[in-house]
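Step one of this worksheet: look at the structure below.
The chains referred to below are lettered A, B, ... by the order of the sequence lines, with proteins before strands, and numbering in each begins at 1.
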Amino acid sequence: MPVRVRLAPSPTGYFHVGTARTALFNWILAKQDPEGVFILRIEDTDPERNREEWVEAIYAAMAWLGLDYTGPFRQSENAPAHAAALEALRAAGALYYCDCTPAEVEARKGEGATPGYDGFCRERGLARSATTALRFRTPDEGTILVPDLVRGEVAFALSAIDDFVVARRSGEALYALANVVDDRDDRITHVVRGEEHLANAPKQMMLWSALNAATGLEVPLPVFAHLPLLVNEQRKKLSKRRDPVALELYRDQGYLPEAVLNYLALLGWSPRGGEEIVDPATVIEQFRLEDVAHSPAFFDLKKLTAFNGVYIRSLPPEAFAARCRPWVDPGAVPWRPSGYRPAWGEDRFDQALFARLAPLVQERVARLDEVPAMVDFFFTEPTMDEAAFDKVIRHDPEGAALLDAALHVYGALEPFTPEALHAATLALGEARGLSLRRAQAPIRCAVTGRLVGPPLFESLALLGRASTLARLRRALERAG
RNA sequence: GCCCCCAUCGUCUAGUGGCCUAGGACACCACCCUUUCAAGGUGGCAGCACGGGUUCGAAUCCCGUUGGGGGUGCCA
C-alpha cells in the first residue's frame with residue numbers, strides 16, 4: 001500500500017517552525033515511496049479563528065521551504081461529507097444529542113476518576129435542536145491500543161475517555177470528526193504529527209472504526225507517529241506568544257530554507273555516520289520514523305545560525321550575491337524581508353560592484369541580513385563609529401600621522417590594487433615600527449567608519465582611489 | 001485532580017548487555033593562522049537524574065522515586 005500522508009495545519013496564526021518540521025517529516029515519508037502522496041489540507045473548520053491571510057502564509061511557507069504537495073485542499077470544502085458522516089453515525093446509534101452547557105459539565109465534574117463529560121445526556125433521547133450538540137458514545141471499559149511508530153504501542157483506558165463532542169449546536173462538524181472523515185477520504189496511511197495530538201489518537205481510531213461500520217466502507221486504520229515537541233529554553237512547548245516561532249521571521253533574517261530544513265531534520269532525528277550537514281536526498285535515504293527520538297527538543301537558534309553560515313559559505317559566489325539582493329538592492333526585487341528600509345539610494349547601488357564584494361562578505365556572515373552593514377561604506381558615506389575614531393585616530397598620536405602618510409602614498413600608488421595597497425601600507429607601518437595590524441586600523445576606520453569589516457585592501461581597491469583619498473582627508477580634518 | 005509521554009555533556013544527539021576510559025555536532029575556552037572581523041586548523045572543558053533489582057557483566061532490561069512535558073474545549 002503506497003504511503004499517503006498529510007499536513008493538516010489550521011490557519012490560526014503564523015506558520016510555526018514546529019509545523020515546518022512536521023511538514024518535512026511527512027514530505028520525507030512520501031518521497032521515500034515512489035507512489036507516496038503528501039497532501040496539504042488546511043483545517044479551517046473554526047470560522048471564529050481562521051483568517052485568509054494565514055492560509056496564504058501556509059502556502060508561502062511551504063513554497064519557501066520547497067516542500068511540494070498534492071492540493072492544497074480546504075477542510076471546509078468537504079463539509080457535505082462531514083454532514084453525511086454525522087448522519088450515518090447518528091443513524092447507527094453511535095452519537096447522541098446533548099444540551100449540557102460547558103459550564104454545567106464543568107460544575108458536575110467531581111473529584112472522581114472520570115474526567116471531562118460525565119455522560120449526563122446519554123440515555124435522555126434528546127432530539128436535534130438549536131441547543132444540542134452531538135456527542136460520540138465511547139465504551140466505558142476496556143483498553144485501546146494506539147499503534148505509534150515513534151513510541152511503540154500506547155495504551156489508553158477507555159474509562160478515561162469521555163463522550164466527546166463531534167458537532168456543534170450549529171450542526172457543524174468539529175475537528176475531531178472532520179479530521180477523521182478527511183483522513184478516511186484521503187486514504188491516509190500514516191498520521192504523523194506533534195505529540196500534543198497523542199491523546200486524540202484513541203478517539204480518532206474509535207471514530208474511524210465507527211465510520212467503517214456505519215458506512216459499510218472498510219478503510220484501513222492509519223498508523224500514528226507522534227513527534228517529540230519542540231520546546232523553548234524553559235522546556236515549554238514553543239508558543240506563539242513567547243517564542244520566535246514564525247517561519248517568516250527566519251526568512252526575513254536571511255536564513256536559507258535549505259539550512260532550516262537541515263536543522264529541523266536534526267530535531268528528533270540524526271543521520272548515520274555523524275555528519276550533520278546533510279542534503280534532502282540523504283535524509284530521504286536514511287530517515288525512519290522508528291529512529292525518531294522520544295523526548296522534546298530545544299530549538300537552538302545558535303546551532304541553526306551556525307548551520308546557516310555553513311550553507312551560506314557553500315553557495316557559489318554568484319548565487320550568494322543573488323540571494324542577498326532582497327537585503328541590499330533598493331531596486332526592484334521579487335521579494336522583500338518585512339521591515340526593509342533601504343540603507344542607501346537606488347542610484348548608489350551597483351550590482352556589478354556588489355558581485356565583486358560578495359565573496360569578501362560571504363564567509364563573514366551567518367545570516368543574509370548581516371550583509372548590508374558589512375558593505376554599506378561602498379554605497380553610502382559611512383556613519384563614523386565615534387568610539388573607534390577616538391581610539392585609533394583622535395587619541396592615538398600615530399593615527400593621524402598614518403592617515404596623512406597614507407594620503408600621500410595612496411595618491412601616487414600605481415596600480416591601485418589590493419597587492420600594491422597591502423605592500424604600501426606594510427611599508428608605512430614599518431617606517432614607524434608598527435605592525436600591519438596597527439597600521440591598517442586608522443585607515444580602516446577612516447574609510448569604512450568601523451574597526452571591523454571585509455579585507456581592507458581589497459575594499460579600498462574596489463572603492464577606488466578618489467573615494468579612498470577623500471575619506472582619508474575627511475578623517476584628518478575631523479581629527480583636527 | 002485524572003490520563004498519557006519523556007529522562008546521555010549547557011543544547012541537539014550516537015549508543016539497543018560486553019567494542020564505553022560514553023562518540024559527534026552547536027555553544028564555550030585556549031592555541032595556531034592572520035591586514036580587522038570571520039573562516040579554517042589543533043587541543044580542551046563538560047553527561048548516562050536517583051534508588052532498587054535482573055545478569056558473570058548495564059547508559060543499555062525490569063520496578064520504584066524524583067524531575068520535566070503534553071492532554072484534559074460545542075479550538076486545532
Worksheet, complete the sentence: Once base and sugar-phosphate atoms are separated, protein heavy atoms under 4.0 Å mark nucleotides 28-49 of chain B, 5' to 3', with B, S and - as -------BBBBSS---------
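Take A:R184 and apply the side chain to side chain contact (heavy atoms under 4.5 Å, CB included) test, not counting sequence neighbours, and it matches A:V180, A:W208, A:L211, A:N212, A:T215, A:L217, A:V219. Residues passing the salt bridge (charged side-chain N to carboxylate O under 4.0 Å, His left out) test with A:E52, sequence neighbours excluded: A:R74.
One can place CZ of A:F298 at 18 Å from C1' of B:A7, the figure rounded to the nearest angstrom. Spacing between atom NE2 of A:H82 and atom C1' of B:C74 amounts to 17 Å, rounded to whole angstrom units. Remark: C1' of B:C26 and CG of A:L266 are 10 Å apart, rounded to the nearest angstrom. Rounded to a whole Å, the CG atom of A:L177 is 13 Å from the C1' atom of B:C74. The distance from atom CG of A:L227 to atom P of B:C6 is 14 Å, rounded to the nearest whole Å.
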Report, one line per pair, each donor and acceptor closer than 3.5 Å where one atom sits in a side chain of residues 293-302 of chain A; sequence neighbours left out.
| residue | atom | partner | partner atom | Å |
| --- | --- | --- | --- | --- |
| A:H294 | NE2 | A:V150 | O | 2.8 |
| A:D300 | OD1 | A:K302 | N | 3.1 |

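If you check residues 230-237 of chain A against RNA chain B, the residues with a heavy atom closer than 4.0 Å are A:R235, A:K236, A:K237, listed by number. Contacts between residues 47-59 of chain A and RNA chain B, defined by a heavy-atom separation below 4.0 Å, involve A:R49, listed by number.
No side-chain N or O of A:N308 forms a donor-acceptor pair with one of A:Y250 less than 3.5 Å apart.
Applying the 6.0 Å contact sphere to CZ of A:R169 captures more than 12 heavy atoms from other residues, nucleotides or ligands.
For the OP1/OP2 pair of B:C6 and a distance below 4.0 Å, the side-chain nitrogens and oxygens of A:H294 include at least one atom meeting the criterion. Within the 4.0 Å cut-off from OP1 or OP2 of B:A76, not a single side-chain nitrogen or oxygen of A:R193 is found.
A salt bridge does not link A:R6 with A:D182: every distance from a Lys NZ or Arg NE/NH1/NH2 to an Asp or Glu carboxylate oxygen is 4.0 Å or more.
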